Amino acid sequence: MFIRNVLTTLIIGLTSVSAAFASGGDGPAIPSQDWSFSGAFGTYDKAAMQRGYKIYREVCASCHAMKRVYFRNLEALGYNEAQIKNIAAEYTVINKEPNDEGDMFERPALPSDAFISPFANDNAAKYANGGALPPDLSLIVKARGNGSNYITGLLTGYEEHPPHGQEVADGQYWNTYFPGHKLSMAPPLMDGQVSYEDGTPETLDQYAHDVVQFLTWASDPHMEIRKSTGFKVIVFLLMFAGVMLSVKRKIWSDVH
Amino acid sequence: MGHGPRDGFDNPIIEWVDSRLPIFTMMQKEYGVFPTPRNFNWFWNFGAIAMFMLITMIVTGIVLAMHYTADTKLAFDSVERITRDVNGGWLLRNLHMNGASFFFIAVYIHMFRGIYYGSYKGPRELLWILGVVIFLLMMATAFIGYVLPWGQMSLWGATVITNLFSAIPFVGEEYIMPLLLGGFSIDNATLTRFFALHYLLPFVIFAVVFLHIWALHVTGSNNPLGIEPKGPQDTLPFHPYYTMKDFFGMIVFMILYAWFVFYAPDALGHPDNYIPANPLVTPPHIVPEWYFLPFYAILRAITFNFNLFMLAGLGLLAVFMVEFIWRYKPKYLSGAQGILLLVAGGGLAVFGLLADFNQTWAIPMTASTDVPISAKFGGVLAMFGSIGLLVVLPWLDSHPIRSARFRPLFRVAVLVFTLSVFVLGYAGSQPSDKVYLSACLGDAQACEAIEHGNADHIEAGHEPTVLALDNTMIAQAFTALYFSFFLIILPLLSRFEKGRELPTSIHEAVLAKKQKAGA
Amino acid sequence: MSADTDTTNDNTPHSAHDAEGETRRDFMQLLASAFGVIGGALAAWPLINSLNPAKDTLALATVEVDISGIPKGEAKTIMWQGKPVFVRHRTEEEIKMAEAVEVQSLTDKQSDKERVQRPEWLITVGVCTHLGCVPVGQKMTDTRGDYGGWFCPCHGSHYDTSGRIRKGPAPKNLAIPPYEFINDTTIRIG
């Protein structure tokens, strides 16, 4: 068998039968969106983040936790202290410590509390979702390659009818951009589902854009200061390099 | 160090200290007036840059350790807390995680320079070996450090790599693995010991770096011409000439480093490591950090067992190589015996390999259950062997000329070797079964069916032969190239390469170059 | 960084042109040193600053306490910034005792009025100002010292019903944390 393969390889070298590069990817390329936060001077769009947060609260949060984001972090979305306190107070949490009688008790959430998870633990979340665990969204953009574009693609990439020859089981949905295409999450967003107060169009594309803006911030809350610090650091280093080059040249100028 | 006569210092405090502990005299001698070849090029910056990266890693690491919790339940959260809540924690973490990559970049360039300019040759063999020890310690430290954030890649990378030790015959599975892990799998006990070691090893590296520099200051530096300085006209004092040059190079390197830290902090990492470790779910495609990829490719390239036929064949070939290639003149064997050795060894090895591929032949002692070195263990040996070869490099290449500038064949060999390391790195990043090139031989209709993914519809008896060049084959070819560079090409070149005429002195070469540039 | 020692075998005479070069070199070296020092200091700052309290720690810097359940004469201990805070519901008698003290006779001269917002509620940090022990006296049954307040068992400091040091080695009165009454039954500390 092996010898035969070797021999045929040699023959191929002579006859050169059709050779094709096998494509590496799976499914169509993810379209790139135009983001306010991309580029060296990118910043988050606060209004979009607020709308995105509204979508998260009204839609995503019924299944997906965001355990690493705290109400106090909402300051970055442009809310003030009182607003944050009111938002937090809409939720109740079980206090970490028991009360004086030794019983656990519920209290209104405070800005220092993390976002409230929809399920008590992963097992409860799986049980309620037909065995599939809805991932925590705090880091979802960083935890997926090309995160912001991928998630936008995922949210808008559902097809009601799978392509010819493909079948989708009950409780699964065809998604163009999901690896393997068969996704347990039902299409979460549709036109007009969440009402916007600022007159922004209530369309699926807009929703996806806004919620991804919010999720990108949640994954990478220090992006703005990171980039602005980086600019200063690099300018400083460039000037330093220029001065050092001149010092070095001057010192080396008397070497023959 | 620092013994012998002292010149004394004007400053009374410095003089007071120096007369009791001549540390200033030593600094003056080793870093001030230290005679350094005057013809360094920019490749000679990377030792200082690597030192700068080591210090950056230690300093940021100590501060990060103050915020980190080594507990499987808390580790991921504590790292996220560092990036989200600790003041400037995002910066420290980005500096540390990209710092590892940039430390390796600096060290790889430093190593390339060492090979290209023959810096490993006598009298600098020990200096070079200490460098390889540093490299091994760095790899251990980096691997262990990648486990600490306790993401999916941390856990599964660690699982895959620690499982390598189970390949060690007799003791691996039963004794070494439990000892290494402190349990039955990578768990809390493993994480806490890895953290302790990750804190310790950098200081061990620092100590070996000290020895490395000490050895350097005994022999003095090599230089692009590879000839020893003959007198003061060939050297410059280290300060200010090379301190300032190193400083400038360091800042340029920092610009690149800063660009990654501030604008692409996650570009060199893997997204899966932002998913908390889950012992029940393996990521679809496990890849190590980029700096391990060439070695990972070598590990995966060994897909065949080493049965007794192959080992016997390789043994005979080794005898041939020692006798006829490494030695200038055969000592024990005649030419005819050599040819016999070559044919017998090669034949046995090829036969063993064929017997391994074709298990249906049922040749005795080739079944995968009774081979002395399984594919898995073979991979481990090849991977460690690929680094081990660096240790013996000074003896594999015994050519009297150091620098590739005066050895045109060696220069081509080094560049091809470097290219093979890059190709291996790429192969390490891709799935083993990835097909680059395929050709279909036989029935045209059947071939078309395969191309359209309808292989089920092909009539029996009309199956075409599909030939595919996959990732494993690439890795195997370039692994062979990697090993033959050390074991065959270098010894052969040591014997047969004539080399160009060396300049008489560094000073003259520099002057000649200047005149040429001026003319 | 003295580079002015002429280390080469250069024998060209030093002309005016060279001297000018010298000054420029000195200036550039000075500038380079300045960049180095400033850069080093700027790089050191994030390392040091990271050791300051983190945002999650600061977020817990205030606590709200329901004080409706504390009967007269009793006290409650609350955890605030990792330290105990004593919230004492004082009796009429205790208030009188605290107010009657001659301020000038005290080690740390403070009147009771300066130490409370509402006389019936005394809120102090429960850390002895001597060496940081937690004084006893929160429960009615505790030893409350010679002045009916708190008694620090470590080195025998006695505090009165206003939390002022009266006897013993402690140099100062028990500290008053920043607090405010949100309503009659809730206070916010911090």
Side-chain angles (χ1 to χ4, degrees), chain A residues 67-76 81-82 84-85 88-89 93 95-101 103 105-115 138 221-222 225-226 228-256, chain C residues 1-12 14 17-18 20-43 45-46 49 54-70 74-79 81 182 186 188 190:
Chain A
K67 279 185 281 197
R68 291 169 223 290
V69 182
Y70 290 75
F71 289 109
R72 61 185 156 84
N73 298 143
L74 292 173
E75 208 187 327
E81 212 180 316
I84 292 170
K85 222 173 153 183
V93 331
N95 201 48
K96 280 209 186 85
E97 303 289 327
N99 63 13
D100 294 347
E101 287 147 27
D103 297 325
F105 64 101
E106 287 197 344
R107 59 167 173 81
L110 294 168
S112 58
D113 286 312
F115 281 13
S138 328
H222 295 289
I225 185 145
R226 171 162 61 77
S228 62
T229 313
F231 181 71
K232 288 174 211 150
V233 168
I234 287 175
V235 167
F236 179 87
L237 287 175
L238 283 171
M239 293 195 303
F240 196 176
V243 172
M244 274 317 297
L245 181 63
S246 128
V247 168
K248 186 250 159 194
R249 279 208 176 136
K250 199 77 197 163
I251 286 171
W252 278 77
S253 65
D254 57 6
V255 176
H256 297 276
Chain C
M1 293 201 185
S2 72
D4 41 9
T5 42
D6 203 349
T7 42
T8 56
N9 311 338
D10 185 6
N11 288 325
T12 42
H14 286 265
H17 176 78
D18 274 7
E20 202 177 283
E22 288 291 296
T23 20
R24 176 146 175 273
R25 185 206 290 185
D26 287 348
F27 171 72
M28 286 316 267
Q29 280 179 359
L30 221 64
L31 194 61
S33 314
F35 265 100
V37 169
I38 292 168
L42 289 176
W45 173 242
N49 188 36
K55 289 197 200 94
D56 59 335
T57 311
L58 294 174
L60 298 173
T62 62
V63 285
E64 288 182 15
V65 190
D66 179 10
I67 54 172
S68 59
I70 309 172
E74 287 283 342
K76 189 174 176 179
T77 308
I78 283 128
M79 201 58 172
Q81 296 186 351
I182 295 173
T186 315
R188 179 168 61 201

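Note that the coordinates shown come from a computational prediction; the quantities given were computed from them, not determined experimentally. Letters go in sequence order (proteins before strands), and every chain restarts at 1.
Within 6.0 Å of the CG atom in C:Leu42, the count of heavy atoms belonging to other residues, nucleotides or ligands exceeds 12. Enclosure of atom CD in A:Glu97 is not indicated, since only 12 or fewer non-hydrogen atoms of other residues, nucleotides or ligands lie within 6.0 angstrom. Heavy atoms of other residues, nucleotides or ligands lying less than 6.0 angstrom from CZ of A:Arg107 number more than 12. Residue A:Glu75 qualifies as open at atom CD: its count of foreign heavy atoms under 6.0 Å is 12 or below.
Both the backbone and the side chain of C:Lys55 come within contact range of chain A, with heavy atoms under 4.5 Å apart.
Between A:Phe236 and C:Phe35, the angle of the ring planes lies from 30° to 60°, which puts this pair in the tilted group.
Put simply, OG1 on C:Thr62 and CG on A:Leu110 are 8.0 Å apart, with the number rounded to the nearest 0.5 Å. In this structure, CD1 in A:Ile251 is found 11.0 Å from CE in C:Met28, a value given to the nearest 0.5 Å.
Nearest approach of A:Val247 to C:Ala32, heavy atoms of both residues: CG2-CB, 4.0 Å. Among all heavy-atom pairs drawn from A:Arg72 and C:Asp56, the shortest one is NH2-CB, 3.2 Å. For A:Ser112 against C:Ala59, the heavy-atom pair with the smallest separation is CB-O, 3.6 Å.
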